[in-house]
Protein chains: 2
Amino acid sequence: MGRPREFDNDDVLTALQDVFWEHGYEGASYADIMKATGLKKGSLYAAFGDKRSLYLHALAKYDKGNVSDGVAMLRNEGLTGSERISALMQSLVDAAETKRGRWGCLLCNAAVDQAPFDAPTEKVVQASLQRMRDAIAVALKDTKAADKSELIWTAYFGGRVIIKSGGTKTVLKAIQGQTLALL
Amino acid sequence: MGRPREFDNDDVLTALQDVFWEHGYEGASYADIMKATGLKKGSLYAAFGDKRSLYLHALAKYDKGNVSDGVAMLRNEGLTGSERISALMQSLVDAAETKRGRWGCLLCNAAVDQAPFDAPTEKVVQASLQRMRDAIAVALKDTKAADKSELIWTAYFGGRVIIKSGGTKTVLKAIQGQTLALL
DNA sequence: ACATTACTTTACTATTTGGTCAATAATGTT
DNA sequence: AACATTATTGACCAAATAGTAAAGTAATGT
């Protein structure tokens with residue numbers, strides 16, 4: 001009963017994820033958010049709450065989408081551990097040349113500009129980073145680099161930041177090569 | 001001729017560096033900046049220009065201070081290459097427990113929240129990152145890990161981001177150990 | 001002592017910010 | 001057809017934002 005929603009919830013969540021991903025929390029104004037989602041302020045408040053809540057919804061969407069996809073790949077038993085880490089590092093190289101990839105990693109962006117000032121943000125960022133860490137450890141389990149899990153984990157996210165700084169595909173390929181040489 | 005400055009230029013630059021380091025570009029309001037520097041808006045404009053200029057001055061100060069100190073250590077021929085990389089990784093672990101260290105790395109912070117939107121910022125961030133990259137390569141030159149320079153470089157800055165996300169000393173120590181095991 | 005110079009301060013402005021609210025519109029139910 | 005319920009909209013608000021300009025003040029050389 002009542003008037004039905006005119007928007008697709010998942011589309012809006014993706015739009016929220018993207019606008020915060022590209023612009024950061026403070027960098028995304030309501031003008032940006034309204035344009036990205038196609039919704040007016042009032043609707044956003046009614047559906048998701050205040051700006052901070054919008055941001056947390058965006059982070060949750062990222063975790064359920066991008067992070068979960070990565071984790072699933074890293075835990076895919078249809079591939080060898082080396083193949084999985086190779087795929088991870090290839091995705092890093094590719095990120096240097098895709099639109100979203102050049103926005104960096106939403107987790108890293110959130111870690112830098114919001115985690116220190118907002119405990120809920122810090123908590124969800126840490127949880128997503130931990131999921132990646134665990135998944136990388138699983139993928140490395142039967143490789144020569146089983147004892148280098150945190151190093152590879154850190155290098156992966158470091159690479160995402162390098163991309164955001166404007167890093168070229170060349171340097172990313174160096175990181176990729178040196179990482180895969182550990183396997 | 002004329003009245004001389006009443007403030008110590010270097011103190012103000014350090015204060016600017018710190019306030020942007022802790023809060024980011026948009027996160028640092030003039031209220032914050034005035035409090036940190038002890039100067040009023042008018043003086044700041046007269047001495048350094050608009051907010052963007054203040055930020056670039058802060059980045060320049062960081063490069064001349066923190067970055068140059070790191071580079072000098074990595075190029076210190078009084079130490080072996082291994083000793084220098086060990087010192088670098090120890091500084092990473094220490095950063096997890098100091099006030100400034102928990103603010104992350106100003107270069108990474110700038111890469112995330114300003115580099116994509118401001119070409120001058122991107123340029124200076126890239127230059128500083130490159131200086132670190134070159135210095136790490138020099139330090140590794142005579143070690144077993146001479147061919148892993150970009151990996152260690154990326155892992156170092158990745159570690160700085162992990163710290164900003166709230167990473168504990170424990171995980172930083174793992175990164176440190178796994179990196180030093182390459183030498 | 002004085003004129004010059006330049007720094008400091010205060011008050012002000014135009015814009016943008018996140019957020020609210022009452023009016024309107026679209027549905028299912030009675 | 002009338003109603004209750006929920007969604008959408010656009011006007012509105014107070015606070016904060018970066019930036020400016022004029023007036024005041026202090027240090028210098030002559």
Side-chain angles (χ1 to χ4, degrees), chain A residues 1-59 109-110 113-121, chain B residues 1-59 109-110 113-121:
Chain A
M1 43 175 162
R3 182 175 173 175
R5 291 239 164 109
E6 289 183 3
F7 58 87
D8 180 82
N9 205 276
D10 209 59
D11 288 349
V12 170
L13 288 177
T14 300
L16 284 176
Q17 167 195 274
D18 286 357
V19 73
F20 284 120
W21 191 353
E22 182 175 9
H23 295 104
Y25 179 75
E26 307 194 86
S29 69
Y30 264 97
D32 297 322
I33 297 169
M34 286 162 57
K35 188 178 167 191
T37 58
L39 298 183
K40 312 288 173 161
K41 255 185 278 195
S43 301
L44 289 165
Y45 273 91
F48 304 102
D50 66 6
K51 193 182 178 187
R52 188 113 254 150
S53 292
L54 296 183
Y55 190 65
L56 292 171
H57 275 96
L59 290 178
N109 300 354
D113 73 4
Q114 286 304 310
F117 309 110
D118 186 62
T121 297
Chain B
M1 43 173 172
R3 178 180 173 178
R5 287 243 164 103
E6 286 185 2
F7 57 85
D8 182 80
N9 205 275
D10 210 59
D11 287 349
V12 171
L13 288 176
T14 300
L16 284 175
Q17 167 196 273
D18 287 356
V19 72
F20 285 120
W21 191 353
E22 181 174 9
H23 295 105
Y25 179 74
E26 308 195 85
S29 70
Y30 265 97
D32 296 324
I33 298 169
M34 285 161 57
K35 189 178 168 192
T37 59
L39 298 181
K40 311 288 169 153
K41 254 188 274 197
S43 301
L44 289 165
Y45 272 92
F48 303 103
D50 65 6
K51 193 182 177 186
R52 187 114 256 148
S53 293
L54 296 183
Y55 190 64
L56 291 171
H57 275 95
L59 291 177
N109 299 354
D113 74 2
Q114 286 305 308
F117 310 110
D118 186 62
T121 297

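By convention in this document, chain letters (A, B, ...) are assigned in the order of the sequence lines, proteins followed by strands, and residues within each chain are numbered from 1.
Side-chain N/O atoms of B:Ser43 include one lying less than 4.0 angstrom from OP1 or OP2 on C:dT8. Side-chain nitrogen and oxygen atoms of A:Lys40 include none within less than 4.0 Å of the OP1 or OP2 phosphate oxygen of D:dT8.
With rounding to whole Å, B:Arg52 atom CZ is found 17 Å from D:dT17 atom P. Between the CD1 atom of A:Ile33 and the P atom of C:dT16 there is a distance of 16 Å, rounded to whole Å. Rounded to an integer number of Å, the gap from B:Leu44 CG to D:dT20 P is 13 Å. Distance CD (A:Glu6) to P (D:dT8): 5 Å, rounded to an integer number of Å. Rounded to whole Å, the distance from CZ on B:Phe48 to P on C:dC7 is 11 Å.
Remark: aromatic rings of A:Phe117 and A:Tyr25 are distant, center separation not under 6.0 Å.
B:Thr37 pairs with exactly one of B:Leu13, B:Leu54, B:Val19, B:Leu44 by the side-chain contact (heavy atoms from CB on, under 4.5 Å) rule, that one being B:Leu44.
Pairing each heavy atom of A:Ala47 with each of A:Phe7, the nearest pair is CB-CZ, 4.0 Å. Scanning all heavy atoms of the two residues, the minimum distance from B:Ile33 to B:Ala28 falls at CD1-O, 4.0 Å. Here the closest non-hydrogen pair linking A:Ala58 and A:Phe20 is CB-CD1, 3.7 Å.
With sequence neighbours left out, the side chain to side chain contact (heavy atoms under 4.5 Å, CB included) criterion links A:Asp113 to A:Tyr55. Shown here are the side chain to side chain contact (heavy atoms under 4.5 Å, CB included) partners of A:Ala115, two or more places apart in sequence or in another chain: A:Glu122.
Taking the side chain of B:Lys51 as heavy atoms from C-beta on, and the options C:dG18, D:dG19, D:dT8, the nearest nucleotide is D:dG19.
Legend: salt bridge (charged side-chain N to carboxylate O under 4.0 Å, His left out) pairs involving residues 6-31 of chain A, not counting sequence neighbours, sorted by first then second residue: A:Arg3-A:Glu6, A:Asp10-A:Lys61, A:Asp18-A:Arg100. For residues 32-55 of chain B, every residue pair satisfying the salt bridge (charged side-chain N to carboxylate O under 4.0 Å, His left out) rule, not counting sequence neighbours, is listed here: B:Arg52-B:Asp118.
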Protein-proximity profile, nucleotides 20-25 of chain C, B/S/- by nucleotide at the 4.0 Å heavy-atom cutoff, equals B----B
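Near DNA chain C, meaning a heavy atom under 4.0 Å away, the residues from residues 21-32 of chain A are A:Ala28, A:Ser29, A:Tyr30.
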